[in-house]
Amino acid sequence: MREWLAENFLAAYGALVGTIALIVSVIRVELFRKRGTVQLKVSGGPHPSQKMQVERLTEAQDKPEWERTRIVEYYRLKITNTGNIAAYIEDAGVLTKDKRSVSVLTEKLVGGQGVLSAIATSDVPPIDPKSSKEFWIYLRENEEPFEVKRHFVVDKTGRRWFSNA
């Protein structure tokens with residue numbers, strides 16, 4: 001045994017160190033994969049003065065064209081990034097009781113003016129880890145108020161998160 005060990009000491013040492021290095025590498029990869037994931041929570045609620053907003057929209061029908069209110073904030077959606085890396089959002093919104101999907105709108109500068117557009121086309125900055133952002137769902141002129149059943153958010157990888165209203 002001593003002869004074999006003396007002749008193969010370097011090979012045995014290399015095999016032992018290589019095995020330890022492999023185990024350490026596998027553990028590090030697993031830990032990094034768990035730490036480097038996007039985790040989102042989505043919640044929401046009606047606008048604090050939702051009824052008044054709907055009244056503003058319906059009362060505007062009697063006003064001249066240039067004085068009408070065409071769109072009002074109707075429902076608030078809050079997206080929280082509970083993960084450890086920045087989350088890029090592709091879409092967010094609500095699913096209504098009548099199985100309709102209504103997406104949030106964000107403000108985008110076009111020609112120096114603010115225009116409401118979908119998240120995917122408005123270059124919304126990512127949500128930093130352990131922080132949140134609020135978005136609004138708008139009710140348009142001639143659109144019926146809706147009852148929210150679920151909230152949803154989709155990140156740039158296509159993964160979806162849901163929560164009940």
Side-chain angles (χ1 to χ4, degrees), residues 20-61 68-165:
I20 291 171
L22 178 66
I23 291 169
V24 168
S25 294
V26 167
I27 290 171
R28 288 184 71 202
V29 165
E30 285 300 313
L31 288 175
F32 178 74
R33 190 171 53 169
K34 288 179 184 174
R35 270 192 236 143
T37 58
V38 173
Q39 293 292 322
L40 297 176
K41 287 185 180 177
V42 60
S43 60
H47 188 280
S49 56
Q50 186 182 55
K51 289 181 182 174
M52 190 172 76
Q53 292 282 69
V54 173
E55 287 173 10
R56 272 185 55 211
L57 199 59
T58 54
E59 288 172 357
Q61 301 296 329
R68 288 187 186 168
T69 302
R70 303 240 181 244
I71 191 167
V72 293
E73 292 174 344
Y74 184 72
Y75 199 85
R76 179 189 57 83
L77 207 63
K78 182 178 181 180
I79 302 172
T80 305
N81 181 359
T82 59
N84 293 319
I85 60 174
Y88 292 84
I89 305 301
E90 180 72 26
D91 192 17
V94 295
L95 301 171
T96 64
K97 294 271 184 186
D98 58 348
K99 310 241 188 281
R100 202 170 47 128
S101 174
V102 183
S103 293
V104 299
L105 298 176
T106 59
E107 195 166 324
K108 172 182 172 180
L109 283 177
V110 176
Q113 293 186 347
V115 177
L116 291 174
S117 64
I119 288 180
T121 61
S122 63
D123 300 327
V124 173
I127 301 174
D128 294 325
K130 310 296 183 216
S131 65
S132 62
K133 283 191 181 176
E134 286 190 358
F135 298 95
W136 289 101
I137 294 174
Y138 292 86
L139 187 65
R140 295 173 179 85
E141 181 181 35
N142 299 325
E143 192 176 49
E144 289 294 320
F146 49 84
E147 192 174 339
V148 176
K149 184 177 180 182
R150 296 184 82 188
H151 312 116
F152 72 89
V153 63
V154 182
D155 70 3
K156 292 279 186 180
T157 65
R159 186 166 175 199
R160 298 173 176 267
W161 283 269
F162 292 96
S163 72
N164 292 326

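Values below: all heavy atoms of this structure, side chains included; hydrogens, waters and symmetry mates excluded. What you see is a predicted model, and the numbers here were worked out from it, not measured in a lab.
The line from CD1 of I127 to CD1 of I85 is 12.5 Å long, rounded to the nearest 0.5 Å. In this structure, CD on E59 lies 10.0 Å from CE on M52, to the nearest 0.5 angstrom. Note: K41 NZ to N81 CG = 11.0 Å, rounded to the nearest 0.5 Å. Interatomic distance, CZ of R150 versus NZ of K99, reported as 10.5 Å (0.5 Å rounding). Taking CD of E141 as the reference point, atom OG1 of T58 lies at 11.0 Å (rounded to 0.5 Å).
Contact annotation: the side chain of I89 never approaches that of K133 to less than 4.5 Å [non-hydrogen atoms, C-beta and beyond]. T157 is not listed as a side-chain neighbour of V38, based on a closest heavy-atom distance of 4.5 Å or more. I119 has its side chain out of reach of S103: every pair of non-hydrogen atoms, C-beta onward, lies at least 4.5 Å apart.
Listed by chain and number, the residues in a salt bridge (charged side-chain N to carboxylate O under 4.0 Å, His left out) with K108 amount to none (sequence neighbours excluded). Partners of E144 under the salt bridge (charged side-chain N to carboxylate O under 4.0 Å, His left out) rule, at least two apart in sequence or in another chain, do not exist in this structure. Legend: residues meeting side-chain contact (heavy atoms from CB on, under 4.5 Å) with E73, ordered by chain and number and at least two apart, are H47, Q53, W136, Y138.
The pair K156-E90 meets the salt-bridge criterion, with a side-chain N (NZ, NE, NH1 or NH2) lying under 4.0 Å from an Asp/Glu carboxylate O.
No donor-acceptor pair under 3.5 Å is formed between the side chain of E134 and the backbone N or O of K78. With hydrogens and angles disregarded, a donor-acceptor distance shorter than 3.5 Å links the side chain of T82 to the backbone of Q39.
When all heavy atoms are compared, the tightest approach of S122 to T106 is OG-OG1, 2.6 Å. P145 approaches V54 most closely through the heavy-atom pair CG-CG1, 4.0 Å. Closest of all the heavy-atom pairs between N84 and K130 is OD1-NZ, 3.5 Å. Scanning all heavy atoms of the two residues, the minimum distance from A92 to L77 falls at CB-CD2, 3.9 Å. G83 and P129 get closest at one heavy-atom pair: O-CB, 3.5 Å.
Each of T80, V154, I79 was compared with L40 under the side-chain contact (heavy atoms from CB on, under 4.5 Å) criterion, and only I79 meets it.
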Original post:
Going through the checks in order, is the side-chain contact (heavy atoms from CB on, under 4.5 Å) test met by V42 and F152?
Top reply: CA-CA 7 Å; V42 60; F152 72 89; 6.0 Å; no
Original post:
What's the verdict on side-chain contact (heavy atoms from CB on, under 4.5 Å) for V124 and F135, showing C-alpha distance, side-chain angles and the deciding distance?
Top reply: CA-CA 11 Å; V124 173; F135 298 95; 4.2 Å; yes
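For Y75 and F146, the gap between ring centers reaches or exceeds 6.0 Å.
Shown here is D123, whose CG atom has no more than 12 heavy atoms of other residues, nucleotides or ligands within 6.0 Å. Counting non-hydrogen atoms of neighbouring residues, nucleotides and ligands closer than 6.0 angstrom, the CZ atom of R160 reaches no more than 12 such neighbours.
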